[in-house]
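Computed from a prediction, not measured in an experiment: that's the story for all the values here. Numbering starts at 1 and runs along the sequence shown.
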Amino acid sequence: MKKTVFLGALTVAGLAAGASAAATLDDVKARGKLNCGVTTGLVGFAAPDANGVWEGFDVAICRAVAAAVLGDGNAVEFVPTTGKTRFTALASGEIDLLARNTTWTFSRDTDLKFDFVGVNYYDGQGFLVPKSLGVSSAKELDGATVCIQTGTTTELNLADFFRANNISYEPVPIETNAEGQQQYLAGACDTYTTDASGLASTRAAFENPGDHVILPEIISKEPLGPLVRHGDNDWGDIVRWTFYALVAAEEMGITSANIGELSAAAGANPEINRILGTEGELGAMIGLDNDWAKRAISVGGNYGEIFEKNIGEKTPIGLARGLNAQWTQGGIMYAPPFR
């Protein structure tokens, strides 16, 4: 989800430059908590539970960064943002980090002056329809009404797809996923389009999920990931390598269950030792102590544990790893070397 249309690039760039004047790491430490921008609510990715505690796949990134920097995965203020408000919140300094199913694009990286620290979910745009509509392909949606979030790349992808297939549609603009779900179930639109992972999350929340299908077409590349402001490279390094510590931990077999044992003393694998701080001085290179990655991994487990707990095949969301499997398991997910 995707391209902003609400704020001029020069304005965003100016806000980002001002917000980056002071080092974010210093601000977070002085404040004693991380301000993390998330979605307004997407089950499995970021949503408050019955007690108001935020949880989910993207939330886990926020908690891992807070643990690495502040020693406490709960030292996070979650700031809900929409497709329109998320970039203003980051550029202005209202949030330190945006972890909100946001697509890495050329213009966001350069023109809007943000730095994407990695891809935590490789996704693509799809379509959700009621089975009763009787269609089996997105190419059969000629003349359909389409619920679509404003301020997102899905708007552009949708226009391109329908134009390329010489079919027409009527957009039904929405602000949040909750509004999209409500409008779709009320029959205000024939189909809801967003990232396929978001559609799976949305469908899982329905009273009768089996009455709805995600069509087979994936019409775009949506590399989703956390992002920070341009101009504060030290903070970007911390967020980037915290995320990659989670990914590397899965590959190396570091889990929430064995991390205490593995970090008690240096073992035979030097990269595990460096990640867990029993060898080398990686923490000092990013302004943290040597236990930063150990704390980050301990909060919610490694990348695979976070995936399976929040959105995996055994959850109501039911997502297979696919491209998001480790490179050793047929996917394209891997971390650069910790050395």
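- Rounding to the nearest 0.5 Å gives a distance of 14.5 Å between NZ of K113 and CG of L227.
- Judged by distance alone, the side chain of T103 and the main-chain N or O of T105 form no donor-acceptor pair under 3.5 Å.
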If you apply the rule side chain to side chain contact (heavy atoms under 4.5 Å, CB included), what do you find for L158 with F127, and how did you get there?
CA-CA 10 Å; L158 182 68; F127 296 87; 3.6 Å; yes
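- With hydrogens and angles disregarded, no donor-acceptor distance shorter than 3.5 Å links the side chain of Q183 to the backbone of C147.
- Residues L246 and I61 meet the side-chain proximity criterion, which asks for heavy atoms closer than 4.5 Å.
- Residues I317 and V213 do not share a hydrophobic cluster, clusters being chains of Ile/Leu/Val/Met/Phe/Trp/Tyr side chains in contact below 4.5 Å.
- Between L97 and V65, the shortest heavy-atom distance links the atoms CD2-CG2, 4.2 Å.
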Kindly indicate, with the supporting measurements, whether the criterion side chain to side chain contact (heavy atoms under 4.5 Å, CB included) is fulfilled by C62 and V38.
CA-CA 9 Å; C62 305; V38 291; 4.1 Å; yes
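- Using a 4.5 Å cut-off on side-chain heavy atoms (C-beta onward), L42 and N101 make contact.
- Taken from CG in L215 to NZ in K139, the straight-line distance is 12.0 Å, to the nearest 0.5 Å.
- Evaluation of the side chain to side chain donor-acceptor pair (under 3.5 Å) rule for T81 yields R100 as partners, not counting sequence neighbours.
- Between H212 and N208, the closest heavy-atom pair is CD2-O, 3.4 Å.
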Verdict with supporting geometry, Y244 and Y303, side chain to side chain contact (heavy atoms under 4.5 Å, CB included)
CA-CA 9 Å; Y244 281 130; Y303 177 84; over 6 Å; no
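- Side-chain atoms of H230 come within 3.5 Å of backbone N or O of D109 as a donor-acceptor pair.
- Taking every heavy atom of both residues into account, I306 and G300 meet most closely at CG1-O, 3.6 Å.
- Formation of a donor-acceptor pair under 3.5 Å by the N324 side chain with backbone atoms of Y122 is found in this model.
- Among residue pairs with one or both ends in residues 271-286, none qualify as salt bridge (charged side-chain N to carboxylate O under 4.0 Å, His left out); sequence neighbours excluded.
- Transitive grouping of hydrophobic side chains (ILVMFWY, heavy atoms separated by less than 4.5 Å) brings F243 and L25 into a common cluster.
- The shortest side-chain heavy-atom distance between L98 and F114 does not fall under the 4.5 Å cut-off.
- Side-chain contact check for C189 versus V146: every heavy-atom pair is 4.5 Å or farther apart.
- Within the 4.5 Å cutoff, the side chain of I238 has no heavy atoms near those of the D234 side chain.
- Proximity of a side-chain donor or acceptor of S220 to a complementary backbone N or O of E222 within less than 3.5 Å is not detected.
- The two atoms that bring T154 and Q125 nearest to each other are CA-OE1, 3.2 Å, heavy atoms only.
- Here the CG-NZ distance, from L323 to K221, works out to 11.5 Å after rounding to the nearest 0.5 Å.
- Side-chain N/O atoms of D190 and T145 include a donor and acceptor closer than 3.5 Å.
- The local environment of CD in Q182 is sparse, with at most 12 non-hydrogen atoms from other residues, nucleotides or ligands closer than 6.0 Å.
- With contacts defined as side-chain heavy-atom distances shorter than 4.5 Å, the pair F57/K309 does not qualify.
- A donor-acceptor contact shorter than 3.5 Å links the side chain of N269 to the backbone of I272.
- Within the structure, every pair that satisfies the side-chain hydrogen bond (donor to acceptor under 3.5 Å, both in side chains) test and touches residues 163-173, not counting sequence neighbours, is listed here: D142-S168.
- Here the CD atom belonging to Q181 is positioned 9.5 Å from the OG1 atom belonging to T176, to the nearest 0.5 angstrom.
- Between the side chains of Q326 and T328, no donor-acceptor pair of N or O atoms lies under 3.5 Å.
- Through chains of ILVMFWY side-chain contacts below 4.5 Å, L128 is grouped with I174, Y184, L185, Y192, L199, F206, I214.
- With rounding to the nearest 0.5 Å, the separation of CD in E179 from CD in Q149 is 8.5 Å.
- In this structure, the side chain of E94 does not engage the main chain of R86 through any donor-acceptor pair within 3.5 Å.
- Here salt bridge (charged side-chain N to carboxylate O under 4.0 Å, His left out) pairs that include residues 39-64, with residues two or more places apart or in two chains, number zero.
- Rounding to the nearest 0.5 angstrom, the gap separating the OG1 atom in T193 from the CD1 atom in I148 is 6.0 Å.
- Of the possible donor and acceptor atoms, one in the side chain of N290 sits under 3.5 Å from a partner among the backbone N and O of G280.
- Linking ILVMFWY residues whenever their side-chain heavy atoms come closer than 4.5 Å, directly or via other members, leaves F106 and V228 in distinct clusters.
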Using distance only, find each side-chain donor-acceptor pair of residues 291-299 under 3.5 Å and give its atom names and separation, not counting sequence neighbours.
unit_1: K294; atom_1: NZ; unit_2: S263; atom_2: OG; d: 3.3
unit_1: R295; atom_1: NE; unit_2: A67; atom_2: O; d: 2.8
unit_1: R295; atom_1: NH1; unit_2: D289; atom_2: OD1; d: 3.1
unit_1: R295; atom_1: NH1; unit_2: D289; atom_2: OD2; d: 3.1
unit_1: R295; atom_1: NH2; unit_2: A68; atom_2: O; d: 2.7
unit_1: R295; atom_1: NH2; unit_2: D289; atom_2: OD1; d: 3.2
unit_1: S298; atom_1: OG; unit_2: K294; atom_2: O; d: 2.7

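- Between the W235 side chain and the D96 main chain, a donor and an acceptor come within less than 3.5 Å of each other.
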Walk me through it: do L141 and T191 pass the test side chain to side chain contact (heavy atoms under 4.5 Å, CB included)?
CA-CA 9 Å; L141 293 173; T191 180; 4.2 Å; yes
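- In this structure the side chain of R229 reaches within 4.5 angstrom of the side chain of T24, judged on heavy atoms.
- Here R240 pairs with D237 in a salt bridge; the nearest charged N to carboxylate O distance falls below 4.0 Å.
- The heavy-atom pair separating I95 from C36 by the smallest distance is CG2-C, 4.2 Å.
- Taking the side chain as every heavy atom from C-beta outward, N120 and P226 approach each other to under 4.5 Å.
- Clustering ILVMFWY residues whenever any of their side-chain heavy atoms sit less than 4.5 angstrom apart, transitively, puts V119 in the very cluster that holds I332.
- The minimum heavy-atom distance linking I218 with A196 is given by the pair CD1-CB, 3.9 Å.
- We find that E175 and K84 are joined by a salt bridge, their nearest charged nitrogen and carboxylate oxygen being less than 4.0 Å apart.
- Remark: the backbone N or O of S197 is not paired with any side-chain donor or acceptor of D195 at under 3.5 angstrom.
- Residues F78 and V53 do not share a hydrophobic cluster, defined by chaining ILVMFWY side chains whose heavy atoms lie under 4.5 Å apart.
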